[in-house]
Structure formats: structure tokens, C-alpha cells
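Read the structure below first, then the notes.
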There are 2 protein chains.
Amino acid sequence: MGIPAVAEPADHRRRPRRRGETLRAGILDAALAELEETGYAGMTMERVAERAHAGKASLYRHWNGKAHLVFDATRRALPEPGTLADTGSLRGDLLELMGLFAHLLRGPLGEAVRGIVGEALAREPSAAALRREQEGRAVELTRSLVERAADRGENVASGATERQLEAGHAILRMHVLAHGPDVAEETLVGIVDEVMMPLLAPASRRPAVRLRPPRP
Amino acid sequence: MGIPAVAEPADHRRRPRRRGETLRAGILDAALAELEETGYAGMTMERVAERAHAGKASLYRHWNGKAHLVFDATRRALPEPGTLADTGSLRGDLLELMGLFAHLLRGPLGEAVRGIVGEALAREPSAAALRREQEGRAVELTRSLVERAADRGENVASGATERQLEAGHAILRMHVLAHGPDVAEETLVGIVDEVMMPLLAPASRRPAVRLRPPRP
DNA sequence: GGAATTAGTGAACGCTCAGTTCACTAGAGC
DNA sequence: GCTCTAGTGAACTGAGCGTTCACTAATTCC
């Protein structure tokens, strides 16, 4: 932390101060740490300010409230498209991707989602932005995996809709919100095998679904 | 309301009081009304007490906090299995069912879900109970529709997993939480046609999904 | 270097509400 | 009628939100 460790006056106002982006970064780091430790509901502006060695008024000068601060603190947590390993099969790739999202949702990103839905901030700009980024990124990443599978020669659905690409992700998010941050491996496998594969590669689906013969 | 309209003493403690289940019902009604008007985040124990013409201490005698109160207020809102109309096709039935859940989620039930996920009460007994009831009921209702379709001779998946039966519902809930209580008709149609039908009746799926020919 | 401006700060404030306690007393049961 | 129990309005404490303020560290400009 950039605050010098020299003897400091009793009144912190007389002490060295950060300004602009340096201060913002310090506050965002503190917010991320608080979010991780106490969750969205337990996080307070006062404690973020303390942790960041900043004045509460400064937080309110930069952010109009908790949601906005949380959004800024977590917005860089989403994976980039080029970082996904190639497992050699769509199923393997989807398992990797969902594992990555589960891991992210276990930390501050999951708490940000929780906070924003809990406060019913559907029309709030920061909420709309977080949702757009998360859903858009999920769809984009999933689509890239499906395209990669097609290039490999796998029999995949060529016209998967956004809703189908997003389905497994919505289910995972809902699962984390409803059940807590620890997602069992079998849950991930189930989401991939029972939902994503049937929707994205129906012809290569696993025997979880058996057709009933037509009535005579 | 069962409080007589006669002249009342200035000190309400000297006024007639309800007891037991009568009082509980009054408080639950008030909670439901507040939940509907202000959402979970905006609802306060003080205002519920006022609205119910009850003492705040009485609320805390019966319920250990807001989540528990909200759970009790909303637990009877779930539809019973026998109440679903038969439209003559699985698709029609699913549209009816999802329309019904969307309608429920627009009101206090949606706010209860929002509150409980927002407070990260995954392990809280009332949260676990609400989740169990809602998910269990959704799966049960959906399964009954699939069975009815099979009885009608429709070509449905005979071994749909719980996750597949629950998938459309999780997506709907996540949609309401993320986007707000007004669910467009086309969203419901999309959930049914693009996710539920392919999972529950793959052989009768609509042309939203087109297979890509195998690579030569 | 000095002046002017700007942003950051600790302290303080008023407000709301959660959760609790208390003395009084309406209701219920015997 | 008596005893016990649950319900009540009032009051309380403490936490945290959002705001204001006087002071002053930082930055910019001449």
C-alpha cells in the first residue's frame, strides 16, 4: 500500500493523501476484500473506507452507493475468450468453462450478483451493465466452444439460440444463489450432460434421455 | 380487520387485542401487503407491525426475523397439481404452467425469492424450505405435464431427469431476478420452445435447432 | 516560489430501523 | 374471581447510511 510507514500525525487529515486513480484503486481493492469476506449483505461503506484508509466522503464522491462500487470492483473478473483450454471435445470444453464460472461465482463475482439481484436493481445502470457483461460473455464463450467443436468435426447444433447458449449458465447462477457458493462436481457434470449437451449437440447426447416408443 | 371501530383509549395497550392464530394471520396479511408494495429490501418489521396494528415485540415472539416472516407469508402461494388446464399438447401445457409461475413471481413470491437469495441464506431453514417447496413443486408439476403428454400419445422423453424438468423454471427465476418482474410473452415462449421442449420432447422439437451436416 | 484551485479527510450530525426490554394489561383457562 | 400468558406502546441502544463542514494535502498555473 502506498501510504508511507513514517510516524503519522494523530489527525489523519494532516497525513499524506492519495488522489485520483491511485485512491480509486485502493478503494476498489478494499471493496473486493470486504465483499469476499462478508458477502454483499455484510459489506458496509464505512468498513470499506476504513480498510482503504480513505474518507467515507471520498467514496461517495466517486460512487453513488454500494452497488456501483461493487460493480466497479468486480467488473474485471470475467474470463477472456482466448484463455480457454482445448480438451478435444465439446463436452470436455463445456465442463472446463462451467468449472471456471463456478470458481468465479464462489468469490466476489458471485456476491456481486447476489447483491444486485437482492436489491432489485434491475433497471439500475450498474446492474444492467454487470448483467450484460456476464450474460454476453457467457454466451460468447459458449458459442466459441460450439464453433470449435464444429471445426473439429463434432456433430453440433448449428443454429443454437442465445437462450440455449445461456441456459446452462443461468442454471448455474441460480444454483449458486439458491444453494450457496460450493458447487459439487456432479452438479456441473449434470448441467453439462443433462442440459447443455442436449441443447447444443443433440445428436451426441448421452443416454440420460431415452425416447419413449410411439403409442401403437 | 377484526379490530372494533369503537372509541379507543389513547394508549393502545388498553385496547382490545388479538391472540394466537388470529394475530398471526393479521401479521402475515400485513407482511404480504408490504412485500408486494415495497419489495423485500424495502420491507421493514416496524412497518409490518404498524400495518398489522400489532406490537413489534409480538412479531419477534413468533418469527426470529424478516426472512422467516416472509417465508410464512408466502408459503401458500404455490399452485396445486390438480389445477392445471389441459391444452391438448405438451407445448401448450408448458406455456400455461410457465405463464402461471411468471405471474406468481411477479408478486410477493418473487420478492420472497429475491430476499432470500439476496441475504445469502442458503443454509437458513426457512430458505431451504422455500427452495425445496418451490423446486419440488416445479418439478412435480412439470413431470405431471410430461406424463399427461405421454398418455396422450405424444413422443416425449421418458427418462427426463430432475434437472431437465427444473431447467426452464431455474431460467425463468433467474430471468425475473436479473431483469425484473415483467416477463415478456416472447421470453416465456422462448424458454418453452428453445429449452424445455428440446429437453423434454426432443423428437418433437421445433425448427429452432437445425443440425449441422457431418463433415465429409 | 507563490497563489489559486481541487479533492481528500476525520469528525460530527440526523435519521431509520433492527432487536431488545419493560411495566402494564387484555385474553384465556380453571 | 384468580392465575397465568401473551400482546402492547414506549423507550432504549447501537449500527450504518448519507451528508456536511472546516481544514489541508496535492496539483496546476503563472
Side-chain angles (χ1 to χ4, degrees), chain A residues 1-4 6-28 30-31 34-35 37-70 115 118-119 121 124, chain B residues 1-4 6-28 30-31 34-35 37-70 115 118-119 121 124:
Chain A
M1 171 113 309
I3 309 182
V6 294
E8 297 175 332
D11 190 342
H12 187 29
R13 268 174 299 194
R14 298 165 181 277
R15 298 199 253 170
R17 307 176 194 176
R18 291 153 301 172
R19 256 188 166 213
E21 277 308 309
T22 309
L23 178 67
R24 282 177 67 99
I27 293 170
L28 291 175
E34 281 292 314
L35 192 58
E37 279 179 28
T38 64
Y40 187 92
M43 168 176 145
T44 68
M45 298 297 268
E46 297 201 356
R47 281 215 311 280
V48 170
E50 270 176 42
R51 191 177 199 131
H53 301 295
K56 199 162 66 160
S58 297
L59 266 66
Y60 285 100
R61 290 189 94 259
H62 293 254
W63 296 278
N64 64 16
K66 193 164 150 182
H68 188 194
L69 175 60
V70 164
E119 291 195 26
L121 304 174
E124 182 71 33
Chain B
M1 175 113 302
I3 308 182
V6 294
E8 298 174 332
D11 190 342
H12 186 31
R13 267 173 300 195
R14 299 167 181 274
R15 298 199 250 171
R17 306 177 194 175
R18 291 151 301 171
R19 255 187 168 221
E21 276 309 309
T22 309
L23 178 66
R24 281 177 67 100
I27 292 169
L28 291 175
E34 280 292 314
L35 192 58
E37 279 179 26
T38 64
Y40 186 92
M43 168 175 144
T44 68
M45 298 298 267
E46 294 202 0
R47 282 213 310 282
V48 171
E50 270 175 44
R51 190 178 200 129
H53 301 294
K56 198 161 70 163
S58 298
L59 266 66
Y60 284 103
R61 289 189 96 260
H62 292 253
W63 296 280
N64 65 16
K66 194 162 147 184
H68 187 195
L69 175 59
V70 163
E119 293 195 22
L121 305 174
E124 184 70 32

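Naming convention: chains lettered A, B, ... in sequence-line order (proteins, then strands); numbering from 1 in each chain.
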Atom-pair distance ([atom1] on [X]; [atom2] on [N]), nearest Å:
{"X": "B:His62", "N": "D:dG7", "atom1": "NE2", "atom2": "C1'", "result": "8 Å"}
{"X": "B:Leu23", "N": "C:dG27", "atom1": "CG", "atom2": "P", "result": "12 Å"}
{"X": "A:Lys66", "N": "D:dC17", "atom1": "NZ", "atom2": "P", "result": "7 Å"}
{"X": "A:Met43", "N": "D:dC17", "atom1": "CE", "atom2": "C1'", "result": "13 Å"}
{"X": "A:Glu50", "N": "D:dC17", "atom1": "CD", "atom2": "C1'", "result": "14 Å"}
{"X": "A:Arg24", "N": "D:dA26", "atom1": "CZ", "atom2": "P", "result": "20 Å"}
{"X": "B:Glu21", "N": "C:dG27", "atom1": "CD", "atom2": "C1'", "result": "16 Å"}
{"X": "B:Arg51", "N": "C:dC17", "atom1": "CZ", "atom2": "P", "result": "15 Å"}

Minimum-distance pair of heavy atoms, taken over all atoms of [X] and [Y]:
{"X": "A:Leu59", "Y": "A:Met45", "value": "CD2-O, 3.6 Å"}
{"X": "A:Ala49", "Y": "A:Gly55", "value": "CB-C, 4.3 Å"}
{"X": "A:Tyr40", "Y": "A:Val70", "value": "CE1-CG2, 3.7 Å"}

Under the side-chain hydrogen bond (donor to acceptor under 3.5 Å, both in side chains) rule, collect the residues that match up with [X], sequence neighbours excluded.
{"X": "A:Lys66", "result": "none"}
{"X": "B:Glu46", "result": "B:Lys56"}
{"X": "A:Glu50", "result": "none"}

Considering only heavy side-chain atoms of B:Arg17, the closest of C:dC24, C:dT9, C:dC22 is C:dC24
Between C:dG8, D:dG7, D:dG16, which nucleotide gets closest to the side-chain atoms of A:Arg47?
D:dG16
Anything under 3.5 Å between a protein N or O and an N or O of nucleotides 1-6 of chain C, put it in a table, one pair a line.
residue	atom	partner	partner atom	Å
C:dT6	O2	A:Arg19	NH2	2.3

Show me, pair by pair, the donor-acceptor contacts under 3.5 angstrom made by side chains of residues 20-28 of chain A, not counting sequence neighbours?
residue	atom	partner	partner atom	Å
A:Glu21	OE2	A:Arg24	NE	3.4
A:Arg24	NH1	A:His62	ND1	3.4
A:Arg24	NH2	A:Asp72	OD2	3.4

Please classify the nucleic acid contact of A:Thr44 as base, sugar-phosphate, or nothing, using heavy-atom distances under 4.0 Å.
sugar-phosphate
So what does B:Gly20 hit on the nucleic acid, given a heavy-atom distance under 4.0 Å: a base, only sugar-phosphate, or nothing?
sugar-phosphate
Could you pull out the protein-nucleic contacts involving nucleotides 12-14 of chain D (nitrogen or oxygen on both sides, under 3.5 Å)?
none

Which distance, rounded to the nearest 0.5 Å, do you find between the NE2 of B:His53 and the OG of B:Ser58?
14.0 Å
With sequence neighbours excluded, residues passing side chain to side chain contact (heavy atoms under 4.5 Å, CB included) with A:Arg47:
A:Glu34, A:Thr38, A:Thr44
With a 4.0 Å limit, can you tell me whether A:His53 has a side-chain N or O closer than that to the phosphate oxygens OP1/OP2 of C:dT9?
no
